[in-house]
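Heads up: the structure comes next, in structure tokens.
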Amino acid sequence: MTTGHDSSQWERLLKNLGAWYGSFTHLSAEGKQIDDIETITTLKGLDENHTVRQTIRYFDTGNLQNEKVLEYSSLANSVLFFEDGAFSQGSVQLAPFTRFGAEFGFIYGERRLRLVQLLDEVDEVHRLTKLTLIRERLEGSKASPSPKLTVEQLLGIWEGKAVTLFSDGRLPEHSTTRLSITCEGERLTQHLQAGSLDIRSTARIEGDRLHFEDGPSPVEVLLLAGGASATCPRTVSLGKPVLLEAGWLIEANLRQRMIRGFSAKGEWKSLTLVQEHRS
């Protein structure tokens with residue numbers, strides 16, 4: 001991490017300090033598990049918390065296999081943190097011949113959930129090629145991960161609040177949200193209201209995948225372990241706005257979603273965190 005030090009952002013990073021026990025689960029673009037690697041990720045404050053040392057230890061059947069250590073004392077322009085310590089880091093520009101993607105990090109009490117979406121250029125457009133799901137709990141915690149996400153767990157009316165941060169440092173924007181999700185047979189319908197947005201869309205259900213095909217940019221949602229979901233356009237290219245999204249069903253009636261927004265020119269513009277409750 002290399003650019004200017006925003007004290008508020010740095011203090012939000014510090015909410016992630018601790019030893020986080022969990023695993024890195026690598027998934028295909030279809031959400032199928034490739035492997036699952038036991039990990040301990042430790043974030044430790046040094047020099048009165050002006051520097052953070054991040055150590056990632058990888059294990060195989062309890063035996064240490066690899067270790068990575070990073071130290072940083074400032075934050076890159078590719079990352080933003082919310083007040084509770086949730087964050088996203090990733091691409092700031094969609095460009096040809098480069099990998100595109102983002103990491104989304106949620107934190108709730110003694111649990112964290114992180115999701116990495118990576119898109120590679122295939123036939124002159126970017127397509128989702130790899131996912132990494134990271135489910136973690138603080139050292140000493142007995143907290144259990146959320147169960148695998150299902151369509152049934154998403155049905156109902158979700159009301160919440162959204163805060164949007166901007167990559168250019170503008171003041172955050174706040175709004176209320178209402179998301180209604182219904183299902184009939186193999187079709188899922190959702191109605192999203194947030195600020196001036198009022199969007200209705202339908203998806204074809206195919207196992208753990210939801211195919212939204214009725215908009216200008218077909219989108220796929222993958223329902224994953226740990227209450228996680230990954231939302232990504234089928235293809236990404238310059239010329240129209242792009243949204244990458246991750247979700248976490250923390251409890252039966254509590255969900256968070258994080259959306260990283262890019263302009264039609266491929267520039268990273270915003271990061272939104274939604275916390276919603278089912279009525």
Side-chain angles (χ1 to χ4, degrees), residues 1 7-27 33-75 79-89 102-116 131-150 153 163 223-230 246-258 273-278:
M1 296 184 174
S7 60
S8 172
Q9 285 287 305
W10 188 259
E11 289 164 3
R12 296 175 181 187
L13 160 67
L14 297 179
K15 294 184 178 181
N16 288 269
L17 295 184
W20 297 90
Y21 285 63
S23 66
F24 282 43
T25 307
H26 297 109
L27 307 166
Q33 181 173 318
I34 298 170
D35 60 31
D36 186 57
I37 302 170
E38 181 186 353
T39 57
I40 302 174
T41 299
T42 303
L43 288 93
K44 181 179 181 180
L46 306 174
D47 187 24
E48 299 183 337
N49 286 341
H50 287 92
T51 297
V52 169
R53 176 184 293 154
Q54 178 176 309
T55 305
I56 307 173
R57 296 182 175 92
Y58 302 86
F59 297 85
D60 183 9
T61 60
N63 297 311
L64 181 64
Q65 298 296 309
N66 193 16
E67 179 176 288
K68 294 181 180 178
V69 180
L70 299 170
E71 285 192 9
Y72 40 90
S73 54
S74 60
L75 295 172
V79 61
L80 282 173
F81 284 83
F82 293 94
E83 287 187 6
D84 66 351
F87 69 93
S88 175
Q89 61 180 338
E103 175 184 358
F104 300 91
F106 301 91
I107 183 169
Y108 190 82
E110 296 181 331
R111 290 190 291 158
R112 293 202 309 176
L113 183 137
R114 293 185 283 146
L115 181 71
V116 181
L131 293 160
T132 303
L133 175 63
I134 306 162
R135 293 159 287 170
E136 299 172 307
R137 58 178 175 79
L138 268 178
E139 181 179 18
S141 170
K142 297 181 179 179
S144 300
S146 299
K148 178 176 171 53
L149 190 61
T150 65
Q153 291 173 315
V163 56
L223 308 182
L224 305 172
S229 60
W248 184 22
L249 186 67
I250 300 167
E251 299 171 353
N253 295 311
L254 173 62
R255 188 174 182 230
Q256 291 184 351
R257 295 184 288 117
M258 200 182 305
L273 178 65
V274 181
Q275 178 156 300
E276 51 198 3
H277 294 81
R278 179 164 45 192

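All heavy atoms count here, side chains included; hydrogens, waters and symmetry mates do not.
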TODO: Taking all heavy atoms of Leu224 and all of Ala230, pick out the closest pair and write down the distance.
DONE: CD1-CB, 4.2 Å
- [ ] Using a strict 4.0 Å threshold on nitrogen-to-oxygen distance, state whether Glu110 and Arg137 make a salt bridge.
- [x] no
- [ ] Kindly say whether Lys68 contributes a backbone atom to a donor-acceptor pair with the side chain of Arg57 at under 3.5 angstrom?
- [x] no
Open item on the list: Please determine whether side chain to side chain contact (heavy atoms under 4.5 Å, CB included) holds for the pair Met258 and Phe82, giving the CA-CA distance in whole Å, both sets of side-chain angles, and the decisive distance to 0.1 Å.
Closed with: CA-CA 11 Å; Met258 200 182 305; Phe82 293 94; 4.1 Å; yes
Open item on the list: Heavy-atom count check: over 12 atoms from other residues, nucleotides or ligands less than 6.0 Å from Gln33 CD?
Closed with: yes
Open item on the list: For a quick check under 3.5 Å, do His277 and Asn253 share a side-chain donor-acceptor pair by atom type?
Closed with: no
Task: Ionic contact status for Glu136 with Arg111, cut-off 4.0 Å - done: no
Open item on the list: Tell me the closest heavy-atom pair linking Leu133 and Ala225, and the distance in Å.
Closed with: CD2-O, 3.4 Å
Open item on the list: When you compare the side chain of Leu254 with that of Gln275, does any pair of heavy atoms fall below 4.5 Å?
Closed with: yes
Open item on the list: Do Arg53 and Leu43 have side chains that approach each other closer than 4.5 Å (heavy atoms only, starting at C-beta)?
Closed with: no
Open item on the list: I want to check something: taking the side chain as every heavy atom from C-beta on, are Ser23 and Arg135 in contact at a cut-off of under 4.5 Å?
Closed with: yes
- [ ] Could you tell me which non-hydrogen atom of Leu149 sits nearest to which non-hydrogen atom of Leu249, and how far apart they are?
- [x] CD1-CD2, 3.8 Å
TODO: Answer yes if the ring centres of Phe24 and Tyr58 are under 6.0 angstrom apart, and no otherwise.
DONE: yes
- [ ] Can you sort out the partners of Tyr21 under ring-ring contact (aromatic ring centres under 6.0 Å, His included), two or more places apart, ordered by chain and number?
- [x] none
Open item on the list: side chain to side chain contact (heavy atoms under 4.5 Å, CB included) for Phe87 and Leu13? Distances and angles first, verdict last.
Closed with: CA-CA 8 Å; Phe87 69 93; Leu13 160 67; over 6 Å; no
Open item on the list: I'd like to check Val69 versus Ile56 (side-chain heavy atoms, cut-off strictly below 4.5 Å). Are they in contact?
Closed with: no
Task: Partner of Ile107 by side chain to side chain contact (heavy atoms under 4.5 Å, CB included), out of Trp20, Trp248, Phe81 - done: Trp20
TODO: For the residue pair Glu83 and Val163, establish whether any side-chain heavy-atom pair is separated by less than 4.5 Å.
DONE: no
TODO: Check whether any side-chain N or O of Glu11 sits under 3.5 Å from a backbone N or O of Ser8 as a donor-acceptor pair, and report yes or no.
DONE: no
Task: Any side-chain heavy-atom pair of Glu71 and Val52 under 4.5 Å - done: no
- [ ] Could you pull out the closest heavy-atom pair between Ser229 and Leu115, with the gap in Å?
- [x] O-CD2, 3.6 Å
Task: Side-chain donor/acceptor of Thr39 to backbone N/O of Thr41, under 3.5 Å - done: no
Task: Pairwise distance OG1(Thr25) to CD1(Ile37) - rounded to 0.5 angstrom - done: 8.5 Å
Open item on the list: Could you measure the distance from the OG1 atom of Thr132 to the NE2 atom of His26? Nearest 0.5 Å is fine.
Closed with: 4.0 Å
TODO: Report the C-alpha separation of Leu70 and Thr55 in whole Å, then their side-chain angles, then the decisive distance to 0.1 Å, and conclude whether the side chain to side chain contact (heavy atoms under 4.5 Å, CB included) test is met.
DONE: CA-CA 6 Å; Leu70 299 170; Thr55 305; over 6 Å; no
TODO: Could you pull out the closest heavy-atom pair between Asn49 and Leu17, with the gap in Å?
DONE: OD1-CD1, 3.9 Å
Task: CG on Leu80 to CD on Gln9, rounded to 0.5 Å - done: 5.0 Å
Task: CA sep, side-chain torsions, deciding dist, call: Arg112, Asn16, side chain to side chain contact (heavy atoms under 4.5 Å, CB included) - done: CA-CA 9 Å; Arg112 293 202 309 176; Asn16 288 269; 3.0 Å; yes
Open item on the list: If I compare all heavy atoms of Leu138 with all of Gly18, which pair ends up nearest, and what's the gap?
Closed with: CD2-CA, 4.1 Å
Open item on the list: Surrounding NZ of Lys148 (heavy atoms of other residues, nucleotides or ligands, distance under 6.0 Å), is the total greater than 12?
Closed with: yes
Open item on the list: To the closest 0.5 Å, what do you measure between CD (Gln256) and CD (Glu276)?
Closed with: 9.5 Å
